[in-house]
Amino acid sequence: MAYPFFDIETKWQKYWDDHETFKTDDSSPGPKAFILDMYPYPSGAGLHVGHPEGYTATDILSRYRRMKGYNVLHPIGWDAFGLPAERYAMQTNIHPRITTEQNISTFRRQIKMLGLSYDWSREINTTDPKYYKWTQWIFLQIYHSWFDPRSKKGRPIQTLIEELERQGTKGLISEEKFSAEEWKRKSKKEKHDFLANFRLAYIAEIPVNWCEALGTVLANEEVAEWTEKGYTVERRPMRQWMMRITAYAERLLEDTKELDWPASTLEQQRNWIGRSEGASIKFKVSSGAESHGARGAHSKLEVEVFTTRPDTIFGATYMVLAPEHPLASEITAAEKKKEVEEYVKQASMKSDLERGIEKEKTGVFTGGFVINPATNKEIPVWIADYVVMGYGTGAIMAVPGHDERDFAFAKEFQIPVVEVVSPKGSSTGGNVAHEAFTGDGALVNSANSDVSLNGLNAEEAKRKITQWLEKEKIGSGTVQYKLRDWLFSRQRYWGEPIPIIHLEDGTMKALSENELPLLLPDLKKFQPSGTTESPLALAAEWVNVVDQTSGMKGRRETNTMPQWAGSCWYYLRYLDPRNGNAFCSPELEKKWMPVDLYVGGAEHAVLHLLYARFWHKVLFDLGYVSTKEPFIKLRHQGIILGEDSRKMSKSRGNVVNPDEVVREYGADAMRLFEMFMGPLEEMKPWSTRGVEGVFRFLNRVWRLYVTEEGALDSAVKEMPVSPELELIFHTTVKKAGEDIECLHFNTAISQMMILVNELTKSDVRPRQILEPLVLLVAPFAPHLAEELWSKLGHKESLAHEPWPVYDESKLQKKTVEVVVQVNGKLRAKMTVALDTPEETLKKLALAESNVQAHLDGKQVVKEIIVKNRLVNFVVK
RNA sequence: GCCAAAGUGGCGGAAUUGGUAGACGCGCUGGACUCAAAAUCCAGUCUGGCUUACCCCAGGUGAGGGUUCGAGUCCCUCCUUUGGUACCA
């Protein structure tokens, strides 16, 4: 008969709840361990088997750390704003708050059913006004800050205002220049607009990814996710809130060095930030197409390009502007106007995605020319959509000889190709006629009266030409990032309102702290507003306000924050979840941060994890948190596939429901199986047989202690322990502990199975082994372990019992097996006393009959003897 | 295309610094218990050969080379799978 897992699990879950067994006391002794799960989005479908995988892993570590004397913080909460609840509301008109609450109850029930040892008193919910008050508060901190490039830090905007009042724009990088006096003479609106160029949160008119079906814009990072689901996304210029994450690009990149994260995730973050070194170079525009060939007739107009290959500048035979480039129309010759405008219009209707799909290069000649500053020759300016406005300067110098894209374009439009890098070892590099050469080599054809790069390799040439450009004041070495500013507003109802009022004089006013939280108004309908505004625009009473101080009329911001906002800082709220005066007290922040282990899905490798790092760095600069990184150690759980080794999906009918598994085999079996399947990070298929396997193991454990009648078995008693059993036991204690520390749960479990198999063989079972065995099992199968612990006569939960200690001396075997090889092939095994000297090993090895057979008639030329391990004879 | 990770029995997966490949589990085969079944327990299970024999021989960790007394592990080339990314100049 199977052990009564249902009764046991309900009993102990109630016990833990009633006794608040896992409530964290901030003042408890012991080193701190902040063990964090990525909190779930409570969807209507309930938990799937992927959730318990990561959650069980952190639960095992948490329970283990408690037994090792750590003060453990292990919280959970709900990432409950988001589009699915709102879409459901659009269809049913049921308020998202209601569906969200229902979904949370389901998730909470399911998570409790798994026996996860969360401190439920710290449960958080991003849609709770008491929570999102602080999301809004952090938004305002960001809004009220600017990035000072001199100290590379975010600082309060007030420090910028003071500096402007003191010395104008003297020490700043700013297009607009003015003195302190001029600043003071500026109107409120002028000052407001100027400061907006510096704030870390700002509004900009940018081409965004608008999804008509969803009625909202999407961040660049989100587009792929929704287009995969079949939604269409178009580009459209709109006024949107942005976060100046690009200001932090360098630090976000630099600090990845300090993170103990999966290599692939770090790589993805680095690629996303996309740092590249190169030079920006100014090209003077020739004064009109008529002057073609007439040197010196330069206009004042300049086009700046960014290139990572300034060394190839002598091979730049044309220039390309992005269709959106601001100088495109100015450069275009009168007779080409119509053609260019037509092309730009076509390009603007295509999304980035469509542009990418098209392999063929398209473009149009503007009729205008610029002067290549290295060769001093005129080169034609083209407009082509293979150059995008969002990166670099939106303009390139095209070097068809040494760039594949430029080469393809030049071939298409019969533009000359000039070789300036010759592959090493080949004197005639004529191959640039057929394909671009992008490798390193020796520079050729690269000299003017002032500077020569000929003969240099790429790196030397880059350095030399950059120096020359800087000397001539036509360019400089620069660093570019692929990272763009973060599109922060969404045209949605179910998100945090942005606490900003747009006043009738065109300025914005941020709410003050005591006006927070700015509550979401109740709506009767949740359909999109029909315009590009969010449904909030329809809540007239909420939207239209009068500013108390100035008496001006105003309109509240109707956009809401993206779902990422709440998750950018939730880990901090766990530290002090009921604090009404601060998002978190500084003392508690110092006590618990940083997060010691963070476990969650790899799908958040760039989005959540990058945004959270960004907010954390801003909070760090402003002095609200004490660590520059939030998550020191990160691990991902692998995806669990269906039993057929394919991705789980309703349409394939291979979805495993945790409720059913728990009903059939119990939560302990479910937990144990998910950990036994294989390494945490790997993708692996579900197996019902496998669950049965670990279920059998749990039953074997049960029967070691308990009779058919449910009483403690009389076979369990104090008795001498055989050295063999002792060895296995101490090995198990050691291995289980070490494996839990490095999250190798599958091997920890197999070792426990070995011990249990050994104990099963015998009719009498030493209590000195069985007691600690319960403690070893406890992190994995806590319900079963608690029940056995109480059957052994203990009155209290084992949650804080000390973890068993192994005895190093008991790990020493008295005898070891030594293998004998001849020419590296196994020929015999000998069991000998530990540390048998090498000479003796050799004698014993030579005495083995099979070894003799293989040595017969051969000459031993070498002997390799490794104590306690092997003897190898090399023969001829 | 580029970047990253990974390829081990019928299956999931183990294997310190290079030192007995296949731990543990599943499945399968045989046996015990049973009227029978389930459950449980015991034994076997990389492939091929030889054999009375769990004795021995040969091969074997995606493929091919290399280093070494010895390679799943280190190096080179290639193939495959998964994840990311894609005109980012």
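Numbered from 1 within each chain, the chains take letters A, B, ... in sequence-line order. Bear in mind the structure is a predicted one, so any value in this text is a computation, not a measurement.
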- prompt: With rounding to whole Å, what would you report as the distance between B:G12 and B:C50 at their P atoms?
  reply: 32 Å
message: If I take atom OH in residue A:Tyr481 and atom P in nucleotide B:U85, what distance separates them, rounded to the nearest angstrom?
response: 21 Å
message: How many whole angstroms separate atom CD of A:Gln269 from atom C1' of B:A4?
response: 14 Å
task: Specify the residue among A:Val694 and A:Tyr386 whose closest nucleotide of RNA chain B lies further upstream toward the 5′ end.
output: A:Val694
field: Gap in Å between the two P atoms, one belonging to B:A14 and one to B:G62, rounded
entry: 14 Å
message: Within the 4.0 Å heavy-atom criterion, would you say A:Ser687 contacts the bases, only the backbone, or no part of the nucleic acid?
response: nothing
query: Within less than 4.0 Å of OP1 or OP2 of B:U20, is there a side-chain N or O belonging to A:Lys829?
result: no
query: For B:G72, does the O4'-C1'-N9-C4 (purine) or O4'-C1'-N1-C2 (pyrimidine) torsion place it in syn, i.e. within 90° of 0, or in anti?
result: anti
statement: Checking B:G27, B:C3, B:G12 against the side chain of A:Pro685 (C-beta onward), the nearest is B:G12
task: Give one of base, sugar-phosphate or nothing for A:Gly693, where a contact means two heavy atoms less than 4.0 Å apart.
output: sugar-phosphate
query: Quick one: which of B:C57, B:A89, B:C69 gets closest to the side chain of A:Asn850?
result: B:C57
statement: Comparing A:Gln268 with A:Gly390, nearest RNA chain B nucleotide closer to 5' gives the residue A:Gln268
message: Measuring only the C1' atom in each nucleotide, how far is B:G13 from B:G72? A whole number of Å is fine.
response: 14 Å
message: Could you check whether A:Lys842 pairs with A:Glu838 (Lys NZ or Arg NE/NH1/NH2 to Asp/Glu carboxylate O, under 4.0 Å)?
response: no
- request: Could you tell me whether A:His854 contacts a base, only the sugar-phosphate backbone, or nothing, with contacts defined as non-hydrogen atoms closer than 4.0 Å?
  value: sugar-phosphate
message: Can you tell me how the ring of A:Tyr611 sits relative to the ring of A:Trp486, calling it parallel under 30°, perpendicular over 60° and tilted otherwise?
response: parallel
- request: Without swapping roles, check the side chain of A:Asp713 against the backbone of A:Val706 for a donor-acceptor pair under 3.5 Å.
  value: no
- request: Could you tell me whether A:Glu724 and A:Lys761 make a salt bridge, using a distance below 4.0 angstrom between a side-chain N and a carboxylate O?
  value: no
query: Under the side chain to side chain contact (heavy atoms under 4.5 Å, CB included) criterion, do A:Lys482 and A:Tyr391 qualify, and how do the steps go?
result: CA-CA 6 Å; A:Lys482 271 200 274 187; A:Tyr391 180 76; 3.9 Å; yes
task: Can you tell me, in whole Å, how much space there is between the C1' of B:C28 and that of B:C79?
output: 33 Å
- prompt: Would you say B:C41 has OP1 or OP2 under 4.0 Å from some side-chain N or O of A:Arg703?
  reply: yes
Note: A:Glu250-A:Arg275 ion pair, threshold 4.0 Å (strictly below): yes
- line: Rounded to whole Å, CZ of A:Phe409 lies from P of B:C87 at a distance of 16 Å
task: Please measure how far the P atom in B:A86 lies from the corresponding atom in B:C11, and state the result in whole Å.
output: 36 Å
field: Between B:A6 and B:A58 - P atom distance, rounded Å
entry: 34 Å
Whole-angstrom distance between B:G44 and B:U34, as gauged at atom P: 24 Å
- request: Select base, sugar-phosphate, or nothing to describe what A:Met752 touches, counting heavy atoms under 4.0 Å on all strands.
  value: nothing
query: Can you give the dot-bracket line for RNA chain B, where a pair is Watson-Crick or G-U wobble with both atom distances under 3.5 Å, crossing pairs use [ ], and | marks a partner on another strand?
result: (((((((..(((......[....)))((((((.......))))))((((......))))..(((((..]....))))))))))))....
query: Cation-pi between A:Lys361 and A:Tyr386: NZ/CZ under 6.0 Å from ring centre and within 45° of the ring axis?
result: yes
task: Identify which one of A:Gln751, A:His744, A:Met752 satisfies the side chain to side chain contact (heavy atoms under 4.5 Å, CB included) criterion when paired with A:Lys735.
output: A:Gln751
query: Counting any heavy atom closer than 4.0 Å, what does A:Glu817 reach on the DNA or RNA strands: base, sugar-phosphate only, or nothing?
result: base
message: Work out how far the P atom of B:U77 is from that of B:A4, and round it to whole angstrom.
response: 13 Å
Side chain of A:Arg696 (C-beta onward), nearest among B:U40, B:G13, B:C87: B:U40
statement: Looking only at B:C41, B:G25, B:A89, the nucleotide nearest the A:Val387 side chain is B:A89
task: Specify the separation, in whole Å, of atom CD of A:Glu603 and atom P of B:U82.
output: 18 Å
message: Please tell me whether A:Phe697 and A:Phe676 form a close aromatic pair, meaning their ring centres lie under 6.0 Å apart.
response: no
- line: Rounded to whole Å, CD of A:Glu412 lies from C1' of B:C87 at a distance of 14 Å
- request: Starting at atom CH2 of A:Trp272, determine the distance to atom C1' of B:A4, rounded to an integer number of angstrom.
  value: 16 Å
statement: In whole angstroms, the gap separating P of B:C2 from CD of A:Glu404 amounts to 9 Å
- request: Write down the distance between CZ (A:Arg270) and P (B:U85), rounded to a whole number of angstrom.
  value: 17 Å
Show me the protein contacts with nucleotides 14-19 of chain B, counting only N or O atoms at under 3.5 Å.
residue : atom : partner  : partner atom : Å
B:A14   : OP1  : A:Asn746 : ND2          : 3.1
B:U17   : O4   : A:Arg869 : NH2          : 3.3
B:G19   : N2   : A:Gln821 : OE1          : 3.4

query: Which part of the nucleic acid, if any, lies within contact of A:Ser276, taking any heavy atom under 4.0 Å across all strands shown: a base, the sugar-phosphate backbone alone, or nothing?
result: sugar-phosphate
- prompt: Under 4.0 angstrom, heavy atoms only, what part of the nucleic acid is A:Asn757 near: base, sugar-phosphate, or nothing?
  reply: sugar-phosphate
message: Is it the case that over 12 heavy atoms from other parts of the model lie below 6.0 angstrom from the CD atom of A:Glu404?
response: no
- request: Quick one: sort the A:Phe413 and A:Phe409 rings into parallel, tilted or perpendicular, breaks at 30° and 60°.
  value: tilted
message: I want to verify a distance call: between B:G12, B:A58, B:C3, whose nearest atom is closest to the A:Arg827 side chain?
response: B:A58
query: Counting only N and O atoms by type, is there a donor-acceptor contact under 3.5 Å from the side chain of A:His402 to the main-chain atoms of A:Phe437?
result: yes
